[in-house]
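Step one of this worksheet: look at the structure below.
All values reported here derive from a predicted model rather than from experimental measurement. Nothing fancy with the numbering, it's 1 onward along the sequence.
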Amino acid sequence: MGAFLPWYTFTAVILLAIHGGLSVDIIGGKEVEPHSRPFMAQIKGRGGIICGGALIKENWVLTAAHCKVSLLRKKSKVILGAHSSKKREKEQQAFQIAKDIPYPCYDPSTKENDIMLLQLQGRAKLNKAVQPIPLPPSDDDPKPGTVCTVAGWGKTKNHPGGYSTALMEVNITVIKREICNDKMHYNGKPVITENMICAGAKNGKKDSCHGDSGGPLRCNHIMRGITSFGMKECGSARGPGVYTRLTKRHLEWIRKTIGGA
């Protein structure tokens, strides 16, 4: 499941598995029931999936700032109501991007505040397959040990062409920031701050990956973060996935920006 740079820049960590009950080992995830995550958005360019995102209003999608939409806006589109990343489905709604608005304090070098809003040209028709995800009522910081979920259409294997053709999801566990910053993990490069959530599995076999960037991290069914970055090798125990935490400042900025638009 993608989650990291548009993957021309850096690397990420996510994963997803494969259809329902089928026992296919990807990076610890599984294919979700079609259209059961109606808030999920695909951000596509000519070459396919750039990033994931979350519909938060009929005409607004929340994603990661590192997703290079501004460079590809005329060639990019947002797909809502999708399960497949390859096939056209009757539930799908496609939109051009009217505006891409990165968080003002986004720092690509430190990865701080890796959040961006996309305003769609037009409004989504809400139905069973397309529904916005509520913004969290508070900026609670998930405690270490909390089980969260992340979904996307990104890579499911560490080799070229290993992208998922269906929406995948995986359960991951929040890890102490001190652990993610120690010499066995990220070693402070970049620093995993209080504005970030580090999550994965002890053996590294549950993760997000290239193409999953921008997708929502949900803890106890509440959106708490945005898929941001990870190690080049997805599913590495040395580099759990890192997610931008939705802080009070982020939530205030989001609400002010989307307003009544």
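Counting all heavy atoms, side chain and backbone alike, G200 lies closest to I175 at N-CD1, 3.8 Å. Counting all heavy atoms, side chain and backbone alike, A41 lies closest to V61 at CB-CG1, 4.1 Å. Considering every non-hydrogen atom in both K111 and P190, the closest pair reads CG-CG, 4.0 Å. Smallest separation of non-hydrogen atoms from D100 and M116: CB-SD, 4.0 Å. Across N59 and G122, no two heavy atoms sit closer than the pair CB-O, 3.4 Å. Considering all non-hydrogen atoms of both residues, C180 and H185 come closest at O-CB, 3.4 Å.
Under a 3.5 Å cut-off, the side chain of D114 and the backbone N or O of A65 do form a donor-acceptor pair. N181 contributes a side-chain N or O that, together with a main-chain N or O of I192, makes up a donor-acceptor pair within less than 3.5 Å. Distance alone, capped at 3.5 Å, places no donor-acceptor pair between the N220 side chain and the I222 backbone. When atom types are taken as modelled, the side chain of Q93 and the backbone of V78 share no donor-acceptor pair closer than 3.5 angstrom. For T63 (side chain) and G52 (main-chain N/O), a donor-acceptor pair under 3.5 Å exists by modelled atom type. Although no hydrogens or angles enter the test, the distance criterion places no donor-acceptor pair under 3.5 Å between the side chain of H83 and the main chain of A166. Of the possible donor and acceptor atoms, one in the side chain of E89 sits under 3.5 Å from a partner among the backbone N and O of S84. Of the possible polar contacts, none joining the K57 side chain to the R123 backbone as a donor-acceptor pair under 3.5 Å is found. In this structure, the side chain of Y103 does not engage the main chain of L117 through any donor-acceptor pair within 3.5 Å.
Between the NZ atom in K189 and the OG1 atom in T110 there is a gap of 15.0 Å [rounded to 0.5 Å]. A distance of 9.5 Å separates OH in Y243 from CD1 in I197, rounded to the nearest 0.5 Å. To the nearest 0.5 Å, the span separating SG on C51 from CD1 on I49 amounts to 9.5 Å. Between the OG1 atom of T257 and the NZ atom of K99 there is a distance of 10.0 Å, given to the nearest 0.5 Å. Rounding to the nearest 0.5 Å places CG of N171 at 10.5 Å from SG of C219. The NZ atom of K90 lies 16.0 Å from the CZ atom of R88; values are rounded to the nearest 0.5 Å.
In this structure, L62 and M223 have side chains that are in contact, with non-hydrogen atoms separated by less than 4.5 Å. Residues Y106 and T244 fail the side-chain proximity criterion, which asks for heavy atoms closer than 4.5 Å. Residues Q131 and F39 form no side-chain contact, since every pair of their non-hydrogen atoms from C-beta on lies 4.5 Å or further apart. A 4.5 Å side-chain heavy-atom check between I56 and L135 finds at least one atom pair inside the cut-off. Between P108 and H66 there is no side-chain heavy-atom pair separated by less than 4.5 Å. K68 has its side chain out of reach of S76: every pair of non-hydrogen atoms, C-beta onward, lies at least 4.5 Å apart.
There is a path of hydrophobic side-chain contacts, each under 4.5 Å, that joins I254 to M40. Follow the hydrophobic side-chain contacts under 4.5 Å out from I43 and you reach F95 in the same cluster. Residues I133 and I226 fall within the same hydrophobic cluster, defined by Ile, Leu, Val, Met, Phe, Trp and Tyr side chains chained together at heavy-atom separations under 4.5 Å. Tracing side-chain contacts under 4.5 Å through hydrophobic residues (I, L, V, M, F, W, Y), one reaches L126 starting from L118; they form part of the same cluster. Hydrophobic clustering (side-chain heavy atoms under 4.5 Å, transitive across Ile, Leu, Val, Met, Phe, Trp, Tyr) groups W153 together with V32.
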Please walk me through it: do T193 and E112 pass side-chain contact (heavy atoms from CB on, under 4.5 Å)? CA-CA 8 Å; T193 70; E112 281 276 16; 2.9 Å; yes

Checking T247 against W253 for the side-chain contact (heavy atoms from CB on, under 4.5 Å) test, could you report, in this order, the C-alpha distance in whole Å, the side-chain angles of both residues, the deciding distance, and whether it holds? CA-CA 10 Å; T247 65; W253 170 75; over 6 Å; no

Walk me through whether D139 and L246 qualify under side-chain contact (heavy atoms from CB on, under 4.5 Å). CA-CA 6 Å; D139 67 343; L246 292 177; over 6 Å; no

Go through D182 and N187 one step at a time and tell me if the side-chain contact (heavy atoms from CB on, under 4.5 Å) criterion holds. CA-CA 5 Å; D182 68 22; N187 197 23; over 6 Å; no

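Within a 6.0 Å sphere centred on CG of N127, heavy atoms belonging to other residues, nucleotides or ligands number more than 12.
When each of R245, R249, H250 is paired with N113, the side chain to side chain donor-acceptor pair (under 3.5 Å) condition holds for H250 and for no other.
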Distance-only criterion, 3.5 Å: show the donor-acceptor pairs between side-chain atoms of residues 141-151 and protein atoms not counting sequence neighbours.
from : atom 1 : to   : atom 2 : distance (Å)
D141 : OD1    : R177 : NH2    : 3.0
D141 : OD2    : R177 : NH1    : 3.0
D141 : OD2    : R177 : NH2    : 3.0
T146 : OG1    : K143 : N      : 3.4
T146 : OG1    : K143 : O      : 2.7

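Classification of R37 and E169 as a salt-bridged pair holds, one side-chain N sitting under 4.0 Å from a carboxylate O.
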